[in-house]
Amino acid sequence: MSKPSVLGVMLGAPLTAGGAHYGATEGPAGFVAALVGAVLLTAGVLGYRRVLVLRRRLRSLMPAAQRSPVAHLPSARRAATLAAYVNGVLVLLGLGGAGWLLYMGASWGAYDNSFGFAALVMGALLPFALGLAAASTVPELLRVVPAGARMGQALYGVFVCVASLMIAKGDGLLPRLVGAVIAVLALGAIALLGRCFRAMGGAAPRQGSGSPGAGQPGFGQPGPGQPGFGQPAPAPGFGPPTSPPGGPHGPAPYGPPAPPAPRAGRGGLVLVLVLVLVAVLGGGGLYAVKEAGLLDGDDSTTTDVAESPQAPAYGVGGERRARWATGAPAPEGTAPEYLVGGDEDVVVHVTGTLVTGYDVATGKKLWDVEDRSGDFRTCAVTPAAVGHVVAVLMRRGDQGACGFLVAVDVRRGKQLWSKGILGEGSGAGMGTATVRVTANSVVSGTQTAPVVLDARSGDVRWTGADQPDEDGEARSLRGLEVAGNSLVASYGDGLGGSTALRRFDLRSGRVTARPSPPKAPETPTPKDVLSVLSVEPLVVSLGDDTNADRFYFSRVGDAWKPLRTDAVEGVSARSGPQEGMVTDGLFVKAFTTDDRSLDVGFDTVVAAFDLESGALRWQHALHRDAGQVVLLPGTVGGAVRAVASDHDTGDQLYAFPLEDGGPVRGGRLTVDASLSGAPSGLNDLTGAVVQGERLVVRSQVDGTLVAFPFPSKA
């Protein structure tokens, strides 16, 4: 009977909790599962009550389960009190462990989904049951019943088992040391309870001539003139009691008569109803508290999520609740993927061989454009979009060169044209593949020259002339940037790090300037790549393409000013995923830095550099666990706006005043669990775009696009 009872509780408790959570957050089907779980839980609890009856019958035959015959002795009472304190520690550990699990479940995300909540309830039920079992022994011990000490020994044995697993399977020295400490303490408690058990008279005195008091009256043997003199007498309170004088039936059976079996009726049903009520109301209540943000800011994270008073002035104030969410998973093996803006009414998701448009207002999928041949896939290059045209740079196969352009009309969801821009037999494209779109042109490059195509037809307008190096060989095109009617291209010969810059007229392809390239503080290597970040003013970066440490320069007149990126604070500051943005005479960029005060260990520092002097104007560490930042284009109220993620607290809006007023924390981005297609959380950030009155972000874990209200003006 015990096995069905255990199975009923072990299956019924998580099914009831998880079903009730699902019913409250997702759909009524969860309440059906909760009802099934309640039936299993009821059966388990009622079966357990019957097991308790049998247990009480068996214990009635055990002398240790009765009040000790030496309970009147001070030593026995002291031992019983000490054992009660030792078992009381077990009560605190069990109930405290259950409470800690329920509290920490918020930071673990267990309240965000039904399976996590069910597992959390099941996990918390185990230490809770241990605490209740220990609590049941305390009244026994206060009555000087030795069996309470034996029960405490068994419960401390659970800690010995857990500690043994930590010692054997621990990952590293620290878990093994913790396991060893737990094992030593638990074994000490077991030994102490054993002494208390014997002191309470829970073990028969040892017999034999060597035992103190052996053969003396009052120590287990009757004296002269007493019944049974000369025969060993049983220890007081142990063995079959004799019948009182004149008793008709002789010796009585062991122990008192067994109590009648109680009916598992009202009391059992009341207990089951209480458990179900705790599971449903406790789970729903804690989930509501978590959703209300009352559990934020606990010791599990150092992230400060309090909104700054200045947030409304920059258009980032107030909590933003998701307007829609839709699944946008990347087909297996089709990375990379990108989220780009296009027409104000459409947001475009690009992954592998697929280009998909979604309605900005509703999240409805409008169209797909796919290479059904399977020959082409997206290059690891962010697509570009202006107005109604999105251009994607693709390659043939996994190892092919990025030399195939596809343009899509986002209004109609139709491919406008596709064009190969590499000549026959060409084995490579530009060093750092790039695609840009202007009002009338799509710009990319071959291995040695920029290429400009008509945005509507795909016709090639011009291809730049090769730029020879000192030996007369054509330099390799490394990257390019476009602004207005100017195109600036960077070159490198790959033999010693020699670089070059050329400015072209976007309309004619004529070279209009040959600015000298900057020189890095260290000797360049053949892998160093010169990249153009901005045309007006001219800002470039130089560094090893396989290393995150790069040097940044701005062009002031005929001279280059190195930007003081070495002044960014933090251990091992590295370039973030975004190259940065140029606005109002500043270069603003997010850096990833190590921060050992955070649980996950890395943070983001947003810094601004003066383009005239190269000096660091300001920097702000966000102190967000595994924080990533996406800077949003443009400025509002003299500030750059951004979306910042956090491993524990999710996504939040920020504003960074260009005049260094300190970082302004805005409203958090939250998703109602009842929203169709809602992700399990927003603790990662792989892309963000602003389209019309919407901010659309992508959650990588669930492959979901989520849109929030985001006015373009404060």
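Reckoned from all heavy atoms, side chains included, excluding hydrogens, waters and symmetry mates. Keep in mind that this is a model prediction, so the values were computed, not measured.
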Verify whether one side chain among S645 and D651 offers a donor that lies under 3.5 Å from an acceptor in the other.
no
So, S490 versus R478: side-chain donor-acceptor pair below 3.5 Å or not?
no
Donor-acceptor pair, D672 side chain versus L675 backbone, under 3.5 Å?
no
Atom of V640, atom of L632 and distance for their closest heavy-atom approach
CG1-O, 4.4 Å
Gap between atom CH2 of W324 and atom OG1 of T362 - 0.5 Å precision
7.5 Å
A cation-pi test, strictly: NZ or CZ of K589 under 6.0 Å from the centre of the six-membered ring of F587 and no more than 45 degrees from its axis. Yes or no?
no
Looking only at the side chains, is there a donor atom on one of Y552 and E579 sitting less than 3.5 Å from an acceptor on the other?
yes
Just wondering, are more than 12 heavy atoms of other shown residues or ligands nearer than 6.0 Å to CZ in R564?
no
Any ion pair linking R436 and E481 (charged N to carboxylate O, less than 4.0 Å)?
yes
I'd like to check the salt bridge (charged side-chain N to carboxylate O under 4.0 Å, His left out) partners of E307; sequence neighbours left out, ordered by chain and number.
none
Of all the heavy-atom pairs spanning C379 and Y338, show the shortest one and how long it is.
O-CE1, 3.7 Å
Checking W367 side chain against R411 main chain: does a donor-acceptor pair fall under 3.5 Å?
no
Checking S554 side chain against L611 main chain: does a donor-acceptor pair fall under 3.5 Å?
yes
When you measure from the side chain of Q310 to the backbone N and O of V664, does any donor-acceptor pair fall under 3.5 Å?
no
